Amino acid sequence: MVTMSQLSAATLPFGVAPEVLPELDDLTIGGVINGYGIEGSSHIYGLFAETCSAFELVLADGRVVRATADNEFSDLYKAVPWSHGSIGLLVGVEIRLIPVKEFMKVTYSPVVGSLAKIAEVYEDLFCPRDLDQDNPEKVPDFVEGIVYSGSTAVITTGRYATREEAARKGNVINDFGWWWKPWFHIHAQSALERGTFVEYVPVRSYYHRHTRSLYWEGGLIVPMGNHPLFRLLLGWLMPPKVSLLKLTQTDGIRKYYIQRHACQDMLVPNHKLAACLEFCHENFETYPLWLCPHRLFKTEMGTMLDCEPGFSSNKQPGDTDYAQMWTDVGIWGVPGPVLRCEVWDGVQATKNMEKWLRDSRSYQCLYAEVEQSEGEFWQMFDPSLYNAVRNKYGAESAFMSVYYKISNCKKGSKHGKKD
Ligand SMILES: NC(=O)C1=CN([C@@H]2O[C@H](COP(=O)(O)OP(=O)(O)OC[C@H]3O[C@@H](n4cnc5c(N)ncnc54)[C@H](OP(=O)(O)O)[C@@H]3O)[C@@H](O)[C@H]2O)C=CC1
Ligand SMILES: C=C(/C=C/[C@@H](C)[C@H]1CC[C@H]2C3=CC=C4C[C@@H](O)CC[C@]4(C)[C@H]3CC[C@]12C)C(C)C
């Protein structure tokens with residue numbers, strides 16, 4: 001139950017931070033490990049779970065074990081991410097910390113052109129085609145892309161900077177973490193008019209930059225939330241607690257979100273990004289889209305997700321023998337056809353997306369609505385290690401299987417179809 005906000009507050013006074021710190025204040029360590037956690041530094045370090053060196057778990061038989069990548073419980077260590085609490089209860093975690101500086105030098109670069117051009121510029125900014133593996137300083141510490149329409153995007157890159165550098169004459173310091181400041185994605189969008197600009201941001205405000213507006217979902221819940229007067233007087237109230245929203249969600253709101261709203265993340269290898277953006281445009285036409293690069297590591301044991309088969313012999317910019325460069329495409333908001341009052345079927349759009357992902361050997365994020373069948377789900381994810389670990393540690397008789405926990409088939413029944 002330790003949150004991302006508590007984590008950064010506890011580590012930054014010592015000049016250190018986790019390698020990957022997902023942006024929303026209230027996400028929990030347990031949630032981002034058993035589900036998945038990502039941030040603009042994941043192109044270097046991978047997903048949050050990969051930055052942890054040990055998990056302490058309570059197993060179905062009551063044993064408390066410490067699992068690491070190379071002890072007798074290494075199978076548990078590999079199987080916990082994406083398992084959604086269906087293997088054991090995570091009660092302790094050892095997280096790797098890195099030394100960090102007090103500021104982030106943020107560069108906002110506008111891109112105008114086709115979706116294919118956006119994908120190309122985005123990729124060039126964090127893994128240049130001439131990437132020299134011996135020159136890692138060419139690679140920024142943080143990267144994210146926000147695609148505002150079928151032809152416009154702003155890619156932001158961040159590099160840690162000292163207080164002295166930030167304070168140098170001519171540099172702009174902008175602490176956009178304050179409640180009266182414009183929401184981050186709106187501020188970033190101004191690069192489309194201003195052109196490329198650079199500013200220095202206190203590092204904690206940068207880490208949590210999407211909290212106040214829940215990326216851009218906050219605008220749907222509080223439509224006037226970014227109005228200057230609202231920000232000035234009531235901005236400190238933002239964001240509404242996601243757990244409270246979930247708890248108070250009525251059937252009507254839930255149906256609206258499933259049928260007339262998109263909230264999905266697609267994980268794709270980078271060389272499929274342009275095709276994925278085209279697919280998103282045809283299937284959802286929802287903007288902005290979020291692009292967050294991350295490395296996916298090849299593992300000997302296999303996990304629920306792994307690199308694309310054959311990637312080592314078909315290496316793309318940024319790939320190594322042991323990790324492939326992927327991107328999380330976040331699709332959150334009201335689809336174009338719904339805005340234009342046209343017919344649009346949210347369930348069908350999700351099914352289309354799941355099929356596209358299965359056909360492309362890519363993955364869906366499981367916090368979202370999952371419509372695919374159990375058989376299709378296990379075509380997308382690799383069940384080998386997951387099933388072996390559940391069987392070996394007695395989880396099968398204690399915890400519901402991940403598919404029944406997260407999929408739509410359980411809705412309406414307390415324990416899911418299988419139970
Ligand atoms: N940048 C990012 O990475 C972001 C990620 N997210 C998504 O939000 C989720 C995290 O949200 P959060 O509210 O913290 O988590 P949730 O409470 O939604 O938990 C996510 C899953 O992990 C399980 N879980 C949580 N803690 C434990 C634990 N200690 N031991 C075993 N299982 C556990 C939950 O099981 P149970 O249901 O039984 O509680 C649930 O299935 C992530 O999984 C991610 O998909 C959202 C926004 C940003
Ligand atoms: C996974 C990522 C980001 C996801 C966020 C955009 C969504 C995660 C949880 C989402 C929400 C949860 C519950 C809600 C209650 C509803 O009544 C309203 C919608 C919502 C607030 C919904 C909004 C989107 C999320 C915050 C990435 C970054 C990996």
Side-chain angles (χ1 to χ4, degrees), residues 30-38 42 46-50 52 55 57 67 69 74-88 90 263-270 272 276 279 292 294-311 322-331 347 350-393 395-396 399-411 416-419:
V32 297
I33 291 174
N34 283 274
Y36 95 116
I38 195 166
S42 290
L47 300 179
F48 184 88
E50 278 146 353
C52 302
F55 299 145
L57 292 151
S74 58
D75 50 356
L76 268 174
Y77 173 81
K78 298 267 159 70
V80 163
W82 296 76
S83 70
H84 285 255
S86 63
I87 287 178
L90 187 66
C263 189
Q264 293 284 346
D265 283 58
M266 299 171 77
L267 301 191
V268 292
N270 269 3
K272 290 184 180 151
C276 179
F279 171 80
C292 183
H294 62 100
R295 291 174 107 185
L296 206 54
F297 293 92
K298 191 179 161 78
T299 58
E300 272 162 36
M301 218 177 265
T303 56
M304 262 177 73
L305 60 171
D306 208 345
C307 306
E308 212 183 15
F311 86 97
Y322 56 90
Q324 189 178 21
M325 205 58 95
W326 284 51
T327 284
D328 174 344
V329 181
I331 311 152
V347 172
T350 299
K351 288 182 177 169
N352 298 343
M353 180 202 78
E354 290 166 343
K355 180 169 182 337
W356 190 94
L357 288 169
R358 284 194 307 274
D359 292 348
S360 312
R361 304 295 301 250
S362 301
Y363 301 104
Q364 174 182 28
C365 296
L366 303 181
Y367 75 88
E369 289 298 321
V370 173
E371 298 289 348
Q372 56 192 336
S373 70
E374 189 173 12
E376 290 167 337
F377 179 83
W378 289 118
Q379 277 168 31
M380 181 181 287
F381 294 97
D382 186 344
S384 339
L385 178 72
Y386 176 76
N387 285 339
V389 164
R390 268 175 57 86
N391 182 279
K392 180 172 164 191
Y393 295 100
E396 279 170 343
F399 305 114
M400 196 191 290
S401 159
V402 57
Y403 175 73
Y404 288 92
K405 227 174 152 181
I406 52 85
S407 82
N408 228 350
C409 83
K410 76 164 191 286
K411 308 284 151 59
K417 240 191 219 164
K418 211 176 181 182
D419 297 340

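These numbers come from a predicted model, not from an experiment. Count residues from 1 along the sequence.
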ring-ring contact (aromatic ring centres under 6.0 Å, His included) partners of [X], counting only residues at least two apart:
X: Phe399; value: none
X: Phe381; value: Trp82, Tyr363, Phe377
X: Tyr77; value: Phe55

[X]: side-chain contact (heavy atoms from CB on, under 4.5 Å) partners, not counting sequence neighbours:
X: Asp265; answer: Tyr36, Asp328, Trp332, Cys365, Tyr367
X: Gln364; answer: Gln264, Thr350, Met353, Glu354, Leu357, Val370, Gln372, Met380
X: Glu396; answer: Arg390, Asn391
X: Phe297; answer: Glu50, Arg295, Tyr322, Ala323

[X] and [Y]: which non-hydrogen atoms are nearest, and at how many Å?
X: Val402; Y: Leu366; answer: CG2-CD1, 4.5 Å
X: Lys298; Y: Phe311; answer: CD-CE2, 3.7 Å
X: Pro269; Y: Ser362; answer: CD-OG, 3.4 Å
X: Cys276; Y: Val268; answer: SG-CG1, 4.0 Å
X: Ser74; Y: Ala69; answer: CB-O, 3.2 Å
X: Ala79; Y: Val389; answer: CB-CG2, 3.9 Å

How long is the span from the [atom1] atom in [X] to the [atom2] atom in [Y], to the nearest 0.5 Å?
X: Cys263; Y: Glu369; atom1: SG; atom2: CD; result: 9.0 Å
X: Ile87; Y: Leu57; atom1: CD1; atom2: CG; result: 8.5 Å
X: Leu47; Y: Ile38; atom1: CG; atom2: CD1; result: 5.5 Å
X: Glu371; Y: Asn352; atom1: CD; atom2: CG; result: 11.0 Å
X: Trp356; Y: Met266; atom1: CH2; atom2: CE; result: 5.0 Å

side-chain hydrogen bond (donor to acceptor under 3.5 Å, both in side chains) involving [X] - partner list, sequence neighbours excluded:
X: Tyr393; value: Asp75
X: Ser42; value: none
X: Lys351; value: none
X: Asp382; value: Ser384

(request) Measure from the side-chain N and O atoms of Lys405 to the backbone N and O of His84, and report whether any donor-acceptor pair falls under 3.5 Å. (result)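 At least one qualifying donor-acceptor pair exists.
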(message) Treating Ser373 as the side-chain partner and Glu376 as the backbone partner, does any N or O pair qualify as donor plus acceptor under 3.5 Å?
(response)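 Indeed, once roles are kept as given, a pair shorter than 3.5 Å links the two residues.
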(request) Assess the pair Tyr386 and Trp378: is the distance between their ring centroids shorter than 6.0 Å? (result)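 Yes; Trp378 has its ring centre under 6.0 Å from that of Tyr386.
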(request) Taking the side chain as every heavy atom from C-beta outward, state whether Leu296 and Asp306 have any atom pair closer than 4.5 Å. (result)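 A side-chain contact is absent here, since even the closest heavy-atom pair is not under 4.5 Å.
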(request) With sequence neighbours left out, write down each residue that passes salt bridge (charged side-chain N to carboxylate O under 4.0 Å, His left out) with Arg361, or none if nothing qualifies. (result)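 By the salt bridge (charged side-chain N to carboxylate O under 4.0 Å, His left out) rule, Arg361 matches no residue at all.
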